[in-house]
Amino acid sequence: MIDPKLLRQSTADVAANLARRRGFHFDADAYLSLEERRKALQVETEQLQSERNSSAKSIGKAKAAGEDIAPLLAAVNDLGDRLAASETALQDVQSQIRDIELDLPNLLDDSVPDGQDESDNAEVRLWGEPTQLDFEPSDHIKLGEELGMLDFEAASKISGSRFTVMSGPLARMQRALIQLMLDTHTEEHGYTEQYVPYLVQADALFGTGNLPKFEEDLFRTTNETPYYLIPTAEVPVTNLARDAIFEADELPKHFVAHTPCFRSEAGSYGQDTRGMIRQHQFEKVELVHFVAADESMAALETLTGHAEVILQKLELPYRVIALCAGDIGFGSTKTYDIEVWLPGQQKYREISSCSNYNDFQARRMKARRRNPETGKPELIHTLNGSGVAAGRALIAVMENYQNADGSIRVPKALQPYMGGLKVISA
RNA sequence: GGAGAGAUGGCUGAGUGGUCGAAAGCGCUCCCCUGCUAAGGGAGUAAGGGCUAAUACCCCUUCGAGGGUUCGAAUCCCUCUCUCUCCGCCA
């Protein structure tokens with residue numbers, strides 16, 4: 001959520017910033033007229049509440065003094081009705097304003113490049129060279145099926161499309177990837193590992209910004225108060241800061257969590273229908289930072305670097321891109337995507353997305369720190385990034401480490417996690 | 001699943017219709033005293049919001065959540081959630 005005060009006082013500036021985003025329209029005039037009504041109604045309501053309080057107090061005193069309170073009661077006769085009417089009207093306007101505020105994406109950082117879509121994203125750096133193979137590379141689907149270790153038919157029988165069954169060494173390699181990531185981030189980068197719920201309630205999703213706008217992306221249970229399957233560990237982990245006031249010396253906090261992620265993929269029907277790229281269920285290791293407001297831009301660089309280390313250890317070629325205004329996510333003020341080279345597609349594909357949400361989520365969640373100078377609570381900044389998506393990392397290893405005979409070499413960094421196994425073959 | 005108890009400020013905990021945003025203690029901050037230390041004295045110490053140039057006044061809201069009764073609710077009524085204890089079941 002954008003600072004309501006800023007929205008109110010600098011509406012035009014906010015609108016101009018948001019206009020850089022693709023397909024987003026902010027009706028500033030409608031907002032401003034609602035805001036005008038809100039102000040009038042709130043002042044009126046609070047005035048009436050104040051009257052009620054002071055008259056109730058005098059009635060109490062009069063009664064205690066044994067005076068006749070009948071005339072006092074008569075004087076406040078219609079106050080209750082007037083107050084109730086005013087309160088109702090105020091609540092109505094406030095909820096309309098809140099709906100607008102919850103619907104507004106985050107303000108973009110000035111460093112975010114202009115652009116309409118992914119073709120306008122800016123390459124920040126390149127690591128390694130696209131893998132050269134002296135044979136026609138296969139994609140992960142062919143490799144996995146020929147090894148007999150990826151079974152999309154079985155998955156479809158059990159759960160329908162966009163699921164995968166893995167078996168044997170390939171299943172183990174995904175687990176090895178997750179282990180490598182967790183160990184690297186906890187032992188070398190100083191993160192604290194978290195185990196968190198995979199089912200969350202709506203409030204948590206409002207906090208991160210997934211609700212109310214993106215409900216169709218989520219799986220929801222049928223309970224009376226429904227649970228939602230987490231679309232990313234970002235949701236439960238970031239919500240650790242909800243309603244909290246951290247002491248200054250408790251920050252920054254660096255959390256890492258491995259969880260499965262569940263996404264409905266509504267609206268992506270044509271894309272990546274084959275294979276393991278886009279699934280309803282996938283494994284991911286997520287990095288989350290809670291930092292003081294002035295530290296978040298530096299933290300974004302650090303966090304992205306931590307994710308990159310995983311690809312470097314796996315010796316997978318990648319590039320880092322800065323998402324342009326048109327491509328950046330709803331709650332992010334600045335995002336770097338890390339894209340790994342996939343020989344089977346002859347393309348770089350997203351394997352991590354690292355975002356600075358600045359105070360956008362913190363405001364929704366009431367995540368604060370105590371400013372040691374002023375002693376006052378102030379919003380923290382939250383960041384998160386994949387470090388990295390395990391399913392896609394598995395694809396990347398398969399395709400980059402394939403041999404002409406369809407076997408797959410195990411990257412050195414993974415071998416200790418796979419009992420020393422060096423090659424996966426049928 | 002059955003039976004019972006509870007939810008108040010950073011913590012402990014009092015408060016069953018008015019002067020209660022809330023006693024007291026602990027903790028914390030500042031000041032005083034004490035030649036160190038220990039002890040002692042005093043003051044202060046919730047969050048969110050409105051108004052505003054303002055982090056100044058003033059005002060509003062909040063005692064698990066939501067509704068209700070009342071001129072007035074932490075206190076009374078209803079619904080829900082969560083926590084704890086005992087029993088049962090269970091990875």
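To find a chain, count down the sequence lines: A is the first, B the second, and so on, and within it residues start at 1.
Taking atom C1' in both G68(B) and C57(B), one finds a spacing of 37 Å when rounded to whole Å. Nucleotides A14(B) and A24(B) have their P atoms positioned 15 Å apart, rounded to a whole Å.
Note on Lys366(A): nothing from the nucleic acid sits closer than 4.0 angstrom, heavy atoms only. Residue Arg38(A) is in sugar-phosphate contact alone, with no base atom involved, counting any heavy-atom pair closer than 4.0 Å across all strands shown. Backbone-only contact: Ser50(A) has heavy atoms under 4.0 Å from sugar-phosphate atoms and none from a base.
Glu247(A) places its CD atom 17 Å from the P atom of G27(B), with the value rounded to the nearest Å. Rounded to whole angstrom, the span from the CD atom of Glu35(A) across to the P atom of G50(B) amounts to 9 Å.
Closest to the Lys57(A) side chain, of the nucleotides C51(B), U19(B), C60(B), is U19(B). The side chain of Gln42(A) approaches G50(B) more closely than any other nucleotide in the set G50(B), A54(B), U61(B). Of the candidate nucleotides U61(B), C71(B), G50(B), G50(B) has the atom lying nearest to any side-chain atom of Lys5(A). In the set C59(B), C71(B), A47(B), the nucleotide with an atom closest to the side chain of Glu46(A) is C59(B). Listed nucleotides C51(B), A47(B), U61(B) differ in distance to Val43(A); the shortest reach to its side chain belongs to C51(B).
For an aromatic pair to be called close, the ring centres must be under 6.0 Å apart, and Phe255(A) with Phe290(A) satisfies this.
Each of Gln312(A), Glu339(A), Arg125(A) was checked for a side chain to side chain donor-acceptor pair (under 3.5 Å) with Tyr318(A), and the lone residue meeting it is Gln312(A).
One donor-acceptor pair, N or O on each side, does fall under 3.5 Å between the base of G18(B) and the side chain of Lys63(A).
Between Pro169(A) and Met149(A) there is a side-chain heavy-atom pair separated by less than 4.5 Å.
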